[in-house]
Amino acid sequence: MNSLLFIGDIILNNNFNNEWEKGNNPFINITHLTAENFVIGNLEAIASNNNNKNNLVKKTILSTNINTLNFVKYFNLNLASLANNHIYDNLDEGINKTIEFLSKNKINFFGISANNNDDIYYYKYDIILNNNPVCILTYLTPDTNPNIPSNTNIKVSLYKKEIIINNIKYFKNKYKYIILYIHWGGRVEGAMLPDKYQFHDAHAFID
């Protein structure tokens, strides 16, 4: 593997459902850009569940048809972060349908621990880049309002500054590079500048 390609939020809902039903490929003009890279993105609209039951405490619900998720193969998604504020929108059933789809299509994911998985490193993914070991860590800040249901069996990788710093210290001698892939800044969504704590925390992580 020679290069990584990071893309932003993947939200294949609404019109994308219609495009899939029509047999269209809205990503045809970027496939050549993603084909030679290891593509990493934040899968923010997961599959709807069979009964269309949603997280009732969420104001904005994102979901998509399970078949529409096949679009991620058109832009060569290799690794999906599920540590985002919409992961619980369609409750555990929606999450499980999504990870079943990803697993079936050999698309890696991280950021959640599903079905009481004992993997303590569910927030971490390892790759080899140009013969160098690389560690990617993903976290979700509570200020993005994930509204975690009280009865869920699924853990999400939550952002805690001290834990992240400890993880960096622990892993930095084991890897050539450490990459932080953070879903944060909920208090300033739509604003022109990041939240002040993001500046301070980012410098702390670098240090």
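- Under the 4.5 Å side-chain criterion, counting only non-hydrogen atoms from C-beta, Ile128 is not in contact with Phe38.
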- request: Could you walk me through whether Lys155 and Tyr122 pass side-chain contact (heavy atoms from CB on, under 4.5 Å), step by step?
  value: CA-CA 9 Å; Lys155 294 185 295 184; Tyr122 60 92; 4.0 Å; yes

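- Within the 4.5 Å cutoff, side-chain heavy atoms of Leu180 are placed close to those of Ile164.
- In this structure, the side chains of Asn84 and Asn42 come closer than 4.5 Å at one or more pairs of heavy atoms.
- Looking at heavy atoms from C-beta onward, Phe205 lies in side-chain contact with Ile165 at the 4.5 angstrom threshold.
- Contact detail for Ile99 and Ala114: the closest heavy-atom pair is CD1-CB, 3.6 Å.
- For Asp92, there are no salt bridge (charged side-chain N to carboxylate O under 4.0 Å, His left out) partners, not counting sequence neighbours.
- Results of the side-chain contact (heavy atoms from CB on, under 4.5 Å) test with Asn17 over Thr68, Leu12, Asn67 single out Thr68 as the only residue that passes.
- Annotation: Asn131, atom CG; neighbour count of heavy atoms from other residues, nucleotides and ligands within 6.0 Å does not exceed 12.
- Enclosure of atom CD in Glu93 by more than 12 non-hydrogen atoms of other residues, nucleotides or ligands within 6.0 angstrom is indicated.
- Between the side chain of Gln198 and the backbone N or O of Asp195, at least one donor-acceptor pair lies under 3.5 Å.
- In the hydrophobic cluster analysis, where Ile, Leu, Val, Met, Phe, Trp and Tyr join through side-chain heavy atoms closer than 4.5 angstrom, Val39 is grouped together with Leu102.
- When side chains are defined from C-beta on, Ser81 counts as touching Phe110, because their heavy atoms get closer than 4.5 Å.
- Remark: the backbone N or O of Thr64 is not paired with any side-chain donor or acceptor of Asn13 at under 3.5 angstrom.
- For the pair Lys172 and Tyr175, the NZ or CZ position fails the cation-pi test of under 6.0 Å to the six-membered ring centre and within 45 degrees of the ring normal.
- Applying the ring pair (Phe, Tyr, Trp, His ring centres under 6.0 Å) rule to Phe199 yields no partners; only residues at least two apart in sequence or on another chain are considered.
- Following chains of ILVMFWY side-chain contacts shorter than 4.5 Å, one can reach Ile120 starting from Tyr159, so the two form part of one hydrophobic cluster.
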field: Stepwise side-chain contact (heavy atoms from CB on, under 4.5 Å) check, Leu43 with Thr98
entry: CA-CA 10 Å; Leu43 188 57; Thr98 300; 3.8 Å; yes

query: Val72 and Ile107: side-chain contact (heavy atoms from CB on, under 4.5 Å), yes or no, with the steps?
result: CA-CA 9 Å; Val72 301; Ile107 299 171; 3.6 Å; yes

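- Looking at heavy atoms from C-beta onward, Pro149 lies in side-chain contact with Leu91 at the 4.5 angstrom threshold.
- Within the cation-pi definition used here (under 6.0 Å to the ring centroid, within 45° of the axis), Lys124 qualifies as a partner of Phe171.
- Annotation: side chain of Leu4 is in contact with side chain of Ile179 (closest heavy-atom distance under 4.5 Å).
- Note on Val188 and Trp184: separate hydrophobic clusters, where clusters join Ile, Leu, Val, Met, Phe, Trp and Tyr whose side-chain heavy atoms are under 4.5 Å apart, directly or indirectly.
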message: Quick one, Ile182 with Leu140, criterion side-chain contact (heavy atoms from CB on, under 4.5 Å). Give me CA distance, side-chain angles, the key distance, then yes/no.
response: CA-CA 6 Å; Ile182 301 173; Leu140 166 69; over 6 Å; no

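- Between Phe75 and Phe27, the ring-plane angle classifies as perpendicular under the 30° and 60° cut-offs.
- No side-chain heavy atom of His86 sits less than 4.5 Å from a side-chain heavy atom of Thr144.
- You'll find the ring centres of Tyr181 and Tyr125 outside the 6.0 Å limit.
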